[in-house]
Amino acid sequence: MTTPYRPSLDEISAARARIAPHVPRTPLVRLDLGLPDRQIFLKLETLSPIGAFKLRPALNALLSRDSETLAKGVATASSGNMAYGMAWAANRLGVPMAAYMYSGAPQTKIDGVRRLGGDVRFISMETWWQYVIGADMPDFPELLINPVTDQAVLSGNGSIGMEILEDLPEVDVVLTPYGGGSMTTGVASAVKALRPEARIFAVEDENAAPVTAALAAGSIVDIETRPSFIKSIGGPSLVPQLWPVTRELIDGAVSVSLEQVTEAMRLLFAKSKVVAEGAGAASLAAALTSEYAKGNVVCVISGGNIDAAAYSAVLAGNIPAP
């Protein structure tokens, strides 16, 4: 595995131009809650063709490779949305695709991959994590694209940050859900280059908050995780190759509770008619509760791919089962 680095604005601009014919620009909309100390804006990645931001990095990762490299197909390890995005991109480009997913991934994402012709290969969460951190890899011929550390993935995610700054040049705070860290790193790379005084915070589910733990300890630590219906953020630790890059870019981390996340999901539906999965609404939960969220606050609403039963439970005022 190559060592990832902070993508430059030129690399991010090139990625944005590369994916532009396939990915519509997502809007930045104001959520008017009448709060005296903050104006909240939503970057609606839920409006991507796959309902999540992962189409950007997946497309850039494939479009950055030549046809010979892709001849035997592509694969990725994913809890859901990256697999969905890679399946969409591979389908569009006529490339065979396989997704290594764990069986607890949301069914809507598994179905999305299969509907686009992807081969879903179930693995344990432990094996999935080994693939993500590069400690192991499958014995298959496809090109395995790391969903976190691939440089084209980081540049593709940076396009979100560029769009935020174009729409809101005076942004003060950007809140990004933190899973493996590729979105936070890409967005922060663009935002910090264009507006260094803006503050970037990683948002985590308190049931699996390795960034918060690492910042407190001064180094990566292994943590005990608790079951949660939120599947796309959090983990037992951090991806060691990416953390040094991310650490230099972020200003801190915010952990949110399941109660706060589900309340944010209901608020998004009630106020904006936006359907967000738990990870997607986590940034709004942080914007509503964190002391860091002051001034012009942008929440990246990363995705809306949630199973219908779980979403119904949220709208009914409950917390879905893990």
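- Thr46 OG1 to Ile306 CD1: the interatomic distance, rounded to the nearest 0.5 Å, is 13.0 Å.
- Donor-acceptor pairing under 3.5 Å is lacking for the side chains of Ser255 and Thr212.
- Under the rule for a ring pair (Phe, Tyr, Trp, His ring centres under 6.0 Å), the partners of Trp128 that lie at least two apart in sequence or sit in another chain are Tyr102.
- Atoms CZ and CE, from Phe53 and Met82 in turn, are 8.5 Å apart once rounded to the nearest 0.5 Å.
- With 3.5 Å as the limit, one finds a donor-acceptor pair spanning the side chains of Thr149 and Asn146.
- Using a 4.5 Å cut-off between side-chain heavy atoms of Ile, Leu, Val, Met, Phe, Trp and Tyr, Tyr5 forms no hydrophobic cluster with any other residue.
- One finds a salt bridge joining Glu45 and Arg56 here, because a Lys/Arg side-chain nitrogen approaches an Asp/Glu carboxylate oxygen to under 4.0 Å.
- Note on ring orientation: taking the six-membered ring where Trp is involved, the planes of Phe201 and Tyr292 are parallel (angle under 30°, cut-offs 30° and 60°).
- Using modelled atom types, one finds no donor on one side chain facing an acceptor on the other under 3.5 Å when comparing Thr108 with Asp307.
- Using a 4.0 Å cut-off between charged nitrogen and carboxylate oxygen, Arg195 and Glu197 count as a salt-bridge pair.
- Partner Phe41 forms a side chain to side chain contact (heavy atoms under 4.5 Å, CB included) with one of Leu31, Val300, Leu28 and no other, that one being Leu28.
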Residues Tyr311, Met265; criterion side chain to side chain contact (heavy atoms under 4.5 Å, CB included); working and verdict: CA-CA 9 Å; Tyr311 193 61; Met265 293 169 72; 4.0 Å; yes
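- In this view, Asp37 and Lys294 satisfy the salt bridge (Lys or Arg N to Asp or Glu O under 4.0 Å) rule, not counting sequence neighbours.
- With 3.5 Å as the limit, one finds a donor-acceptor pair spanning the side chains of Asp66 and Thr69.
- Under the salt bridge (Lys or Arg N to Asp or Glu O under 4.0 Å) rule, Glu142 has a single partner from Lys72, Arg65, Arg121, which is Arg121.
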Check against side chain to side chain contact (heavy atoms under 4.5 Å, CB included), Leu288 and Val256: CA-CA 10 Å; Leu288 295 171; Val256 290; over 6 Å; no
Step-by-step side-chain hydrogen bond (donor to acceptor under 3.5 Å, both in side chains) determination, Asn157 to Ser182: CA-CA 7 Å; Asn157 287 331; Ser182 67; 3.2 Å; yes
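- With respect to Arg25 and Asp167, a salt bridge is recorded, a charged nitrogen being found less than 4.0 Å from a carboxylate O.
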Verdict with supporting geometry, Lys109 and Ser232, side-chain hydrogen bond (donor to acceptor under 3.5 Å, both in side chains): CA-CA 11 Å; Lys109 301 177 185 181; Ser232 301; 2.9 Å; yes
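- Side-chain contact annotation: Ser124 with Thr127, donor-acceptor N/O pair under 3.5 Å present.
- A salt bridge does not link Arg6 with Glu11: every distance from a Lys NZ or Arg NE/NH1/NH2 to an Asp or Glu carboxylate oxygen is 4.0 Å or more.
- By the 4.0 Å N-to-carboxylate-O rule, Lys192 lies too far from Glu248 to be salt-bridged with it.
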